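Keep in mind that this is a model prediction, so the values were computed, not measured. Excluded from the calculations below are hydrogen atoms, water molecules and symmetry mates; all remaining heavy atoms, backbone and side chain alike, are included.
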Amino acid sequence: MADWLNALLDLDARGVPAVLVTVASVDGSAPREAGAKMIVTGDATLHTIGGGELEFQAIAIARRLLGGRGGPSLRRFPLGPSLGQCCGGSVTLLFEPRRPEHFTVALFGAGHVGRAVATVFGTLNCQLRWFDPRPDAFPDIVPPNASVEVTATPEREVDALPDGAWLLIMTHSHQLDLSLTARALRKDRFSYVGLIGSDTKRARFEKRLRELDIPEARIKALACPIGIEGISGKQPGEIAIAAAADILRRREAGLARLPVRDALEDSAEIATVGL
């Protein structure tokens with residue numbers, strides 16, 4: 001039990017969506033006993049429910065579930081010719097999608113404010129990816145949910161970030177800030193692009209972004225100055241708290257706008273597969 005549970009907890013901690021597939025019941029002969037488990041992610045499987053066509057179909061179903069928002073479901077598989085198996089019995093599998101609520105925050109810059117931001121986000125249920133070209137800029141101890149990434153070309157890292165990530169840009173260089181901001185705004189795929197700075201810096205950057213042919217709608221989406229309204233302090237800790245509050249506020253507002261699903265869609269269903 002410990003092996004599959006530890007694997008599932010590790011995936012949850014890293015924010016990797018997965019489906020836990022469990023042999024819920026067995027009628028007659030079957031490759032595995034009730035309680036056998038398999039974990040399916042978008043590109044890997046861990047453990048087994050018996051192999052063969054049964055496992056192949058189970059993996060395919062699990063990966064379709066990863067792309068949706070449905071809840072647990074029970075599905076019955078007759079182990080006959082349609083599955084290329086001769087056990088003669090049937091197996092009912094329980095599919096349990098697990099979609100961690102982690103969200104990705106990409107922090108560019110490890111200066112005084114960057115460190116304060118990392119400390120605050122280190123207490124939240126998020127994955128913090130922390131970039132800076134200076135290896136000595138990072139503290140000796142970083143939050144457990146943070147991955148430190150020293151790179152001479154942080155602009156390229158923007159392209160590798162997942163869709164929906166939340167970006168905070170506060171490097172030691174205005175030119176690097178501009179390059180990162182332009183790269184992030186060029187495609188409308190991030191939940192938030194925040195740039196540290198004053199109204200004056202924003203006006204200057206808006207001019208440069210237009211010269212770089214960034215669409216006007218994307219420029220307007222830039223959050224600069226960063227932070228929730230009503231917090232005007234300039235200390236690193238105050239900026240960090242204000243930035244985190246703004247991101248949490250925006251994120252909750254976005255989740256609240258998701259369409260409401262019919263309760264039946266999330267209830268356990270019995271489906272016959274392979275007849």
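In terms of heavy atoms, Val19 sits closest to Ala62 at CG2-O, 3.4 Å. Taking all atoms of both residues into account, the shortest heavy-atom contact from Thr48 to Ala36 is O-CB, 4.4 Å. Heavy-atom minimum distance, Ala34 versus Ser25: CB-CA, 4.3 Å. When all heavy atoms are compared, the tightest approach of Val21 to Leu93 is CG1-CD1, 4.1 Å. Shown here for Pro72 and Leu94, the closest heavy-atom pair between the two residues is CB-CD1, 4.3 Å. Arg99 and Leu65 make their closest contact through NH2-O, 3.0 Å (heavy atoms, listed as atom of the first residue, atom of the second, distance).
Each of Leu161 and Val117 belongs to its own hydrophobic cluster when Ile, Leu, Val, Met, Phe, Trp and Tyr are linked at side-chain heavy-atom distances under 4.5 angstrom. Cluster membership for Leu185 and Leu168, using ILVMFWY side-chain heavy atoms within less than 4.5 angstrom, is not shared. Residues Val113 and Tyr192 share a single hydrophobic cluster, defined by chaining ILVMFWY side chains whose heavy atoms lie under 4.5 Å apart. Linking ILVMFWY side-chain heavy atoms closer than 4.5 Å, directly or via other members, places Met170 and Ile247 in a single hydrophobic cluster. When hydrophobic clusters are built by joining Ile, Leu, Val, Met, Phe, Trp and Tyr residues whose side-chain heavy atoms come closer than 4.5 Å, directly or via intermediates, Leu222 is grouped together with Ile214.
In this structure, the side chains of Leu178 and His174 stay at 4.5 Å or more apart for every pair of heavy atoms. A heavy-atom distance below 4.5 Å is not found between the side chains of Leu180 and Arg183. With a 4.5 Å cut-off on side-chain heavy atoms, Ile49 and Val91 do not count as touching. Looking only at side-chain heavy atoms (C-beta outward), Lys201 and Leu195 come within less than 4.5 Å of each other. Looking at heavy atoms from C-beta onward, Ile59 lies in side-chain contact with Met38 at the 4.5 angstrom threshold. Annotation: side chain of Asp246 is not in contact with side chain of Ile226 (no heavy-atom distance under 4.5 Å).
Listed by first and then second residue, the ring-ring contact (aromatic ring centres under 6.0 Å, His included) pairs that reach into residues 127-158 are Phe108-Phe131, Trp130-Phe138, sequence neighbours excluded.
Put simply, CD on Glu96 and CG on Leu74 are 9.0 Å apart, with the number rounded to the nearest 0.5 Å. Expressed to the nearest 0.5 Å, how far CD1 of Ile196 lies from CD1 of Ile169 amounts to 11.0 Å. Leu176 contributes atom CG, which lies 9.0 Å from atom OG1 of Thr181 (distance to the nearest 0.5 angstrom). We find the CD1-CD1 distance between Ile241 and Ile228 to be 12.0 Å, quoted to the nearest 0.5 Å. Rounding to the nearest 0.5 angstrom, the gap separating the CZ atom in Arg75 from the CD1 atom in Ile61 is 5.0 Å. Interatomic distance, Arg189 CZ to Asp163 CG, rounded to the nearest 0.5 Å: 5.0 Å.
Of the possible polar contacts, none joining the Arg208 side chain to the Ala182 backbone as a donor-acceptor pair under 3.5 Å is found. At least one donor-acceptor pair under 3.5 Å links the side chain of Asn145 to the backbone N or O of Phe121. Although no hydrogens or angles enter the test, the distance criterion places no donor-acceptor pair under 3.5 Å between the side chain of Thr153 and the main chain of Arg156. At distances below 3.5 Å, at least one donor-acceptor pair connects side-chain atoms of Asp177 with backbone N or O atoms of Thr171. Within the 3.5 Å criterion, the main-chain N or O of Gly164 finds a donor-acceptor partner in the side chain of Ser191. Side-chain N or O atoms of Lys37 include none that pairs as donor or acceptor with a backbone N or O of Leu20 at under 3.5 Å. Arg63 places a side-chain N or O within donor-acceptor distance of the main-chain N or O of Thr41, the cut-off being under 3.5 Å. For Thr123 (side chain) and Thr119 (main-chain N/O), no donor-acceptor pair under 3.5 Å exists by modelled atom type.
Using a 4.0 Å cut-off between charged side-chain N and carboxylate O, Lys207 and Glu211 make a salt bridge.
Shown here are the salt bridge (Lys or Arg N to Asp or Glu O under 4.0 Å) partners of Glu206, two or more places apart in sequence or in another chain: Arg202, Arg210. For Arg186, the salt bridge (Lys or Arg N to Asp or Glu O under 4.0 Å) test picks out no residue, with sequence neighbours left out.
By the neighbour-count criterion of 12 heavy atoms within 6.0 Å, atom CD of Glu33 is densely surrounded, having more than that number from other residues, nucleotides or ligands. Shown here is His172, whose NE2 atom has more than 12 heavy atoms of other residues, nucleotides or ligands within 6.0 Å.
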